[in-house]
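Sequence lines set the chain letters: A, B, ... in the order given, protein chains first and strands last, and positions in each chain run from 1. We use all heavy atoms of the structure for the numbers below, so side chains are in, but hydrogens, waters and symmetry mates are not. The structure displayed is predicted, hence computed values, not measured ones.
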Amino acid sequence: MLKKIIHLLFILFFLKYSVLAYAKCIVGDDKDIAHLVEKKAKVKLVFFSTWCADCKDELEKIKKEKSTKEQVILINIFDPEKKADNVLKKFSLESYSCFIDTSKKIREKYKVTTVPKVIYINN
Amino acid sequence: MRINQVLSIIISVVFCSLMQNAKACSSCGSSATSPLVLNPDENLKMYFGISENLNFMDYGAKGADSTEQIPNQKITSRRTLTLAIGYRTTENSFVTLTGSGVQNQGPIDRGFPEMGMADKQYLMGDPILAGRYNLVNMDITNTYRPQVQLAMSYKPSLAKNMVDNEPSAIKTVGNGFHQVTAGVDFWFGMSAVQFGAAQFVTYSFDRQPNNAGRTCCGKESSTTTQVKRTRDLQYTTVLTVGYIFKEHNISIQSGAILDYIGEEKITNQNNNDGTQSYIVKKPAQSNSLFANVKYKSSDKDTWRLSYTLGGAYEGDLGVFTNSSQTTSDSIAFSYERTIF
């Protein structure tokens, strides 16, 4: 019985720490981005990867610039798994629009080959 | 099987499936000995490097103590042109192919400098096919999470070498062994101060040269045939620290390469009666210090200047005392271009 309790605690412990946040970064493509972009006068597309040290600075900058929240769209590229949610939580960016470019269509549309990359769009 | 054991197995499987998959991308780690590595956002990349080795010194030459150092009598400089290409095979791995051309130069007779320099020798080096696989990637949510990379390479013995040819440093470049190297590379590269360590093991396939036998000092023998040559494992440790000046796109790195080559055994067979004799070359230890500066002039272009001090740390370093090796200093300049 004691062993079963320990096993159950084991499961709960790893459930808590292996899935850190509900998914707030959703899988999207270039059409999703286009749909959001056309609604805004100015948009800042921020391409990032979770392994990219330089991306950290860019994300911290966004965190400080709270007034431009509606104008920023975060796009996670070059990451095969959904790690972007942890990044949003770490930098307190859960309320920002965020897409995971699994299909690679977003980076192809905007010709993004490296990270970090910031693209400004004025409509 | 008891129910608790079954439960443990089920729980382990559930745990593995629920754990965030640590699938990561290939990236550069401690690249002191690997000229070309690919970042996760790079799929095809080329490397062009030129280097010069100078100050060739022998440890334990001509019967001297294995730790006694004297200038090499045959070679004074080696210039190398290195070309490499890297290709991403999966999101977590890439392969590279490296080739080199070498120009050796040395005096006709070191004891008589007035005789001048011998003709320059132009040679092709051994190619190297290498691959890296990311077990764990760095993460901007965790500064102290390292990148953990598995590395593997194969080096066929194609270059003119001292095993198959005359034992002349100026006329040879390869070590004469087909070799496989495997290792693991840890790199903490998320903060401005970076550091890492890598450990590699090299296995050398036995050789059956079937050429002139060797004497104790490496000279050719006319009465014996060299029938076998073996080398024990080689262990290479690379330790690196670095710092990034982000605003200038410049990074600097320095570190040490500790290289231990296991014992080498040469089997000679008498041409007349077929009896075999053995010559054993002592294990060799070579410690080097390196420093490099890297500059990214654009997203796709990287320039690097490196300097390596071979046979560093004279004196007694215990098990790491330099011994039984030919060492040299080198300066290298390279350019890397990401194609896509």
Side-chain angles (χ1 to χ4, degrees), chain A residues 1-21 23 47-61 63 74 76-93 101-102 104 107-108 111-118, chain B residues 2-28 39-44 88 90-92 134 136-143 145-147 187-194 244 246-247 249 251 296 298-301 338-340:
Chain A
M1 184 61 187
L2 180 61
K3 279 189 182 175
K4 287 182 185 174
I5 293 170
I6 291 170
H7 287 150
L8 188 60
L9 287 172
F10 194 71
I11 292 176
L12 290 173
F13 174 81
F14 280 102
L15 275 174
K16 180 179 177 183
Y17 288 102
S18 62
V19 182
L20 294 175
F47 293 84
F48 74 97
S49 299
T50 61
W51 49 262
C52 160
D54 291 342
C55 300
K56 195 174 165 185
D57 294 338
E58 195 58 49
L59 293 171
E60 279 176 347
K61 213 188 293 180
K63 186 181 165 183
L74 303 170
N76 178 231
I77 60 174
F78 299 121
D79 268 320
E81 300 293 328
K82 290 185 180 180
K83 292 184 182 180
D85 304 334
N86 296 343
V87 173
L88 298 187
K89 183 166 178 148
K90 170 79 176 179
F91 292 90
S92 304
L93 299 173
D101 185 23
T102 313
K104 302 180 189 176
R107 74 175 99 143
E108 281 170 9
K111 297 181 175 48
V112 175
T113 55
T114 60
V115 282
K117 184 79 172 181
V118 177
Chain B
R2 296 173 63 187
I3 188 68
N4 287 344
Q5 288 170 328
V6 172
L7 196 60
S8 300
I9 291 168
I10 293 171
I11 288 166
S12 300
V13 169
V14 168
F15 155 67
C16 287
S17 62
L18 284 178
M19 259 295 269
Q20 247 189 354
N21 195 338
K23 214 159 119 180
C25 301
S26 301
S27 182
C28 54
N39 291 321
D41 53 357
E42 296 169 334
N43 296 295
L44 183 65
R88 174 162 302 285
T90 70
E91 282 165 334
N92 298 326
N134 264 40
V136 177
N137 208 359
M138 294 187 293
D139 193 327
I140 53 177
T141 63
N142 185 351
T143 303
R145 178 172 170 162
Q147 172 192 271
W187 182 243
F188 297 81
M190 194 48 71
S191 64
V193 176
Q194 304 172 318
I244 293 183
K246 287 184 185 176
E247 58 278 11
N249 292 331
S251 65
K296 280 186 77 77
S298 76
D299 288 343
K300 294 185 185 299
D301 302 289
T338 303
I339 312 293
F340 66 88

message: Tell me every residue that passes salt bridge (Lys or Arg N to Asp or Glu O under 4.0 Å) with B/Asp301, counting only those two or more places apart in sequence or in another chain.
response: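 Salt bridge (Lys or Arg N to Asp or Glu O under 4.0 Å) check on B/Asp301 returns B/Arg337.
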- prompt: Who pairs with A/Asp57 by salt bridge (Lys or Arg N to Asp or Glu O under 4.0 Å), at least two apart in sequence or on another chain?
  reply: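 B/Lys246.
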field: Side chain / backbone / both / neither for B/Thr143 at chain A, heavy atoms under 4.5 Å
entry: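 It is the side chain, since no backbone atom gets that close.
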message: Assess the residue pair A/Phe78 and B/Asn39 against the criterion (side chain to side chain contact (heavy atoms under 4.5 Å, CB included)); give the C-alpha distance rounded to whole Å, side-chain angles, the decisive distance to 0.1 Å, and a yes or no.
response: CA-CA 10 Å; A/Phe78 299 121; B/Asn39 291 321; over 6 Å; no
- prompt: Of the listed residues (B/Lys300, B/Met190, B/Glu42), which shares the most heavy-atom pairs with chain A below a 4.5 Å separation?
  reply: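 If we count pairs closer than 4.5 Å to chain A, B/Met190 comes out on top.
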Nearest-0.5 Å distance, [atom1] of residue [X] to [atom2] of residue [Y]:
X: A/Asp54; Y: B/Lys296; atom1: CG; atom2: NZ; answer: 9.0 Å
X: A/Asp79; Y: B/Asn137; atom1: CG; atom2: CG; answer: 7.5 Å
X: A/Lys117; Y: B/Asp41; atom1: NZ; atom2: CG; answer: 11.5 Å

message: Please find the pair of heavy atoms, one from A/Ala53 and one from B/Gly189, that lie closest to each other, and give the distance.
response: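 Here A/Ala53 and B/Gly189 meet closest at CB-O, 4.1 Å.
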task: Could you give me the CA-CA distance, side-chain angles and deciding distance for A/Leu59 and B/Ile140, then say whether side chain to side chain contact (heavy atoms under 4.5 Å, CB included) is met?
output: CA-CA 10 Å; A/Leu59 293 171; B/Ile140 53 177; 3.6 Å; yes
query: Pick from A/Asp85, A/Thr50, A/Val87: which one makes a side chain to side chain contact (heavy atoms under 4.5 Å, CB included) with B/Thr141?
result: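 Going through A/Asp85, A/Thr50, A/Val87 one by one, the side chain to side chain contact (heavy atoms under 4.5 Å, CB included) with B/Thr141 is satisfied by A/Val87 alone.
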